[in-house]
Amino acid sequence: MPNQTTEKIYYDPISVAQRTNQKLHLVNSRDKREVLLHLIKSYTDLHAVVITTTKREADAITDYLNRQEIHTVSLHGSKRAEQNKSAADAFEVGEVTVLVTTDKILQSLKLSKISHLISYDLPIEPEYYLSRMAVLNEQGEAIALVSETQEVALLDIERVMRHEIIEAPIEGFIPASEPDSTTQPLKEKSKKPRHRKQKKKRTTKTEIEEKA
């Protein structure tokens, strides 16, 4: 009989996402492009898909990376079907290092060689994030760049996924408050986002009696 142990059993989006190799980087919005470039340059044999929430941002990131001599193409709904197909084919055969696209187009692509899937923006709907993990198909690594304005979206994703994404600080990019934020800047590199603070210790009955 053929060996069945390597066959996948759980195909639902949540379990697939839980088994996917994931991590996040806390960054300031103004530093996102520099962090993205840093990551791309730090990996060997890179074959990355970058996901944004808007077509304009996809084009802007593509222009930025190409100016940094990173062979990049963008795919989105404002381009002709033949343009998107040509770009996807170039990525598949390795002629292009980085492909930048949106959630809507990502789901229509049949990409099989993704080393890193980078969420430049987190989606508002957690289901879109789960769909991104499904495209990665438990191969390669999923990376999320999370700014302060996206902490709520991150919390929603982790709640739906029932899994906390590991935080990995990047040396030289310490997240601080945005210029227009009313919160205090982060003074320590190890400080967590607001929703990742440790839960308050519950007061026991004995402690209550001692205080009485």
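Bear in mind that the values here come from a model prediction, so they are computed numbers and not experimental data.
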Mind listing the closest non-hydrogen atom pair of [X] and [Y] along with its distance?
{"X": "Ala142", "Y": "Leu136", "result": "N-CD2, 3.7 Å"}
{"X": "Ile14", "Y": "Val160", "result": "CD1-O, 3.5 Å"}
{"X": "Ala88", "Y": "Leu109", "result": "CB-CD2, 4.1 Å"}
{"X": "Ile114", "Y": "Phe91", "result": "CG1-CE2, 4.4 Å"}
{"X": "Leu75", "Y": "Ala87", "result": "CD1-CB, 3.5 Å"}

Does the [X] side chain pair with the main chain of [Y], one donor and one acceptor, at a distance under 3.5 Å?
{"X": "Ser108", "Y": "Ile105", "result": "yes"}
{"X": "Asn66", "Y": "Thr62", "result": "yes"}
{"X": "Asp12", "Y": "Ser15", "result": "yes"}
{"X": "His71", "Y": "Glu95", "result": "yes"}
{"X": "Glu158", "Y": "Ile165", "result": "yes"}
{"X": "Gln18", "Y": "Met161", "result": "yes"}
{"X": "Ser115", "Y": "His47", "result": "yes"}

Does the side chain of Ile157 reach to within under 4.5 Å of the side chain of Pro123, using non-hydrogen atoms? yes
More than 12 heavy atoms from other groups under 6.0 Å of [atom1] on [X]:
{"X": "Tyr128", "atom1": "OH", "answer": "no"}
{"X": "Ile124", "atom1": "CD1", "answer": "no"}
{"X": "Lys23", "atom1": "NZ", "answer": "yes"}

Evaluate the criterion side chain to side chain contact (heavy atoms under 4.5 Å, CB included) for residue pair Ile143 and Leu24; output intermediate values, then yes/no. CA-CA 5 Å; Ile143 302 170; Leu24 67 85; over 6 Å; no
Between His76 and the options Thr54, Asp59, Asn84, the side-chain hydrogen bond (donor to acceptor under 3.5 Å, both in side chains) test singles out Asp59
What's the verdict on side chain to side chain contact (heavy atoms under 4.5 Å, CB included) for Thr102 and Ile51, showing C-alpha distance, side-chain angles and the deciding distance? CA-CA 5 Å; Thr102 59; Ile51 311 299; 5.8 Å; no
Between Val146, Leu39, Leu36, which is the residue that forms a side-chain contact (heavy atoms from CB on, under 4.5 Å) with His25? Leu39
Could you name each residue pair satisfying salt bridge (Lys or Arg N to Asp or Glu O under 4.0 Å) that touches [range], not counting sequence neighbours?
{"range": "residues 111-133", "result": "Lys32-Asp121, Asp103-Arg132"}
{"range": "residues 33-56", "result": "Arg33-Glu57"}
{"range": "residues 82-93", "result": "Arg80-Glu82, Lys85-Asp89"}

Can you confirm whether the side chains of Tyr129 and Gln22 place a donor and an acceptor under 3.5 Å from each other? yes
